[in-house]
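Treat the numbers as computed from the prediction; the structure is a model and nothing was measured.
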Amino acid sequence: MERITYEARESGVALIGLNRAAKRNAFDLLMLDELAEAYTRFDDDASLRCAVVFAHGDHFTAGLDLAEVGPAVASGRALFPAGSVDPLGLGPRRAAKPIVTAIQGYCYTIGIELALATEVRFAADDAKLAQLEVKRGIFPFGGATLRMPAVAGYGNAMKHLLTGDVFDANEALRAGIVQEVVPRAELLARATAYAERVAAQAPLAVRATIASVRGALADGEAAEALRLLDRARALMTSEDAMEGMQSFLERRDAKFTGT
């Protein structure tokens, strides 16, 4: 059975599913490789504009399968294959298009880090989150120490990072780790509907928005401020910009092509 499922929809949305439910979607090496392959496939497909990462079964993920992954990482193995999109957003290649996460049940360790590397996060009301690493004698090395303080604030992040204690969906919402909590039965539909709204927007403009936000976070506001007009000018001559203006004048929905 595939560790990761992949479905490309005509709406421009890709559904990427964690599919090791019998092991609570714990990541072994094969599953890590397949996830990177799915992210790369999505990023390379010009017909796809947004992705939803979700899980089959009761739980998003119980984390890394440390019995296999731990020794491999300790011996120098990378989490993801060279040249592929890094789902944690730490390697040289990161997805340029938006990704939405739908979390249910257990969302431990790498699960939180995968979610924090995406643009928007939805959680089911039964979600239980934990950055457990300090309970296992290690520390979060998949991005939580970088992104959780930025997303949740220093105190909120350290509250969870330093204990490894489990917290619920409402606490995740309060801290800004997720943006919306919905009933479990509605989770995937809600996340997919949001992704379809994103996919309906101008693809070049969406990608430029992501690039600008990431540029400000990485380089600082002053550096990104100097790039804003150049980014805008690059879009102004696009067919999508002309379509956006024409649709406004004609009071109709725009039909963007990504050109």
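- Using a 4.5 Å cut-off between side-chain heavy atoms of Ile, Leu, Val, Met, Phe, Trp and Tyr, with links allowed through other members, Leu187 and Tyr106 fall into different hydrophobic clusters.
- Hydrophobic clustering of Ile, Leu, Val, Met, Phe, Trp and Tyr side chains at less than 4.5 Å, counting indirect connections, keeps Val213 apart from Val198.
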inquiry  = Working note: Tyr39 + Val53, criterion side-chain contact (heavy atoms from CB on, under 4.5 Å); need CA distance, chi angles, decisive distance, verdict.
reply    = CA-CA 10 Å; Tyr39 270 57; Val53 179; 3.4 Å; yes
request  = For Val100 and Thr118, run side-chain contact (heavy atoms from CB on, under 4.5 Å): C-alpha distance rounded to whole Å, both residues' side-chain angles, the deciding distance at 0.1 Å, then the answer.
outcome  = CA-CA 6 Å; Val100 176; Thr118 65; over 6 Å; no
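- For the pair Asp125 and Arg190, the salt-bridge criterion is not met [side-chain N within less than 4.0 Å of a carboxylate O].
- For the atom pair Glu243 CD and Ser238 OG, the distance stands at 10.5 Å (nearest 0.5 Å).
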task = For Asp58 and Arg24, run salt bridge (Lys or Arg N to Asp or Glu O under 4.0 Å): C-alpha distance rounded to whole Å, both residues' side-chain angles, the deciding distance at 0.1 Å, then the answer.
result = CA-CA 7 Å; Asp58 294 331; Arg24 296 176 176 172; over 6 Å; no
request  = Any chance you could lay out the salt bridge (Lys or Arg N to Asp or Glu O under 4.0 Å) test for Arg233 and Asp230, step after step, and finish with the verdict?
outcome  = CA-CA 5 Å; Arg233 289 178 180 126; Asp230 286 340; 3.8 Å; yes
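- Taken together through direct or relayed side-chain contacts under 4.5 Å among Ile, Leu, Val, Met, Phe, Trp and Tyr, Ile138 and Leu90 form part of one hydrophobic cluster.
- Using a 4.0 Å cut-off between charged side-chain N and carboxylate O, Arg231 and Glu224 make a salt bridge.
- Around CD of Glu221, the count of heavy atoms belonging to other residues, nucleotides or ligands within 6.0 Å does not exceed 12.
- Under a 3.5 Å cut-off, the side chain of Thr40 and the backbone N or O of Val85 do form a donor-acceptor pair.
- Between the side chain of Glu68 and the main chain of Asp28, no donor-acceptor pair closer than 3.5 Å is present.
- When atom types are taken as modelled, the side chain of Ser247 and the backbone of Gly244 share a donor-acceptor pair closer than 3.5 angstrom.
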query = After noting the C-alpha distance and the side-chain angles of Met158 and Leu161, does the key distance pass the side-chain contact (heavy atoms from CB on, under 4.5 Å) rule?
reply = CA-CA 5 Å; Met158 299 308 283; Leu161 292 172; 4.2 Å; yes
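- Interatomic distance, His160 NE2 to Glu171 CD, rounded to the nearest 0.5 Å: 4.0 Å.
- Note on Leu18 and Val13: separate hydrophobic clusters, where clusters join Ile, Leu, Val, Met, Phe, Trp and Tyr whose side-chain heavy atoms are under 4.5 Å apart, directly or indirectly.
- Note on Arg136 versus Glu133: no salt bridge recorded, every NZ/NE/NH1/NH2 to OD/OE distance being 4.0 Å or above.
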message = Would Lys97 and Glu119 count as a salt bridge (Lys or Arg N to Asp or Glu O under 4.0 Å) here? Give the steps.
response = CA-CA 9 Å; Lys97 295 184 283 189; Glu119 278 59 57; over 6 Å; no
task = Show your working on side-chain contact (heavy atoms from CB on, under 4.5 Å) between Arg49 and Gln201 and close with a plain yes or no.
result = CA-CA 9 Å; Arg49 301 180 179 182; Gln201 312 313 312; over 6 Å; no
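- The hydrophobic clustering, which links ILVMFWY residues whose side-chain heavy atoms are closer than 4.5 Å, places Phe60 and Leu66 together.
- Going from atom CZ of Phe27 over to atom CZ of Arg20 covers 10.0 Å, rounded to the nearest 0.5 Å.
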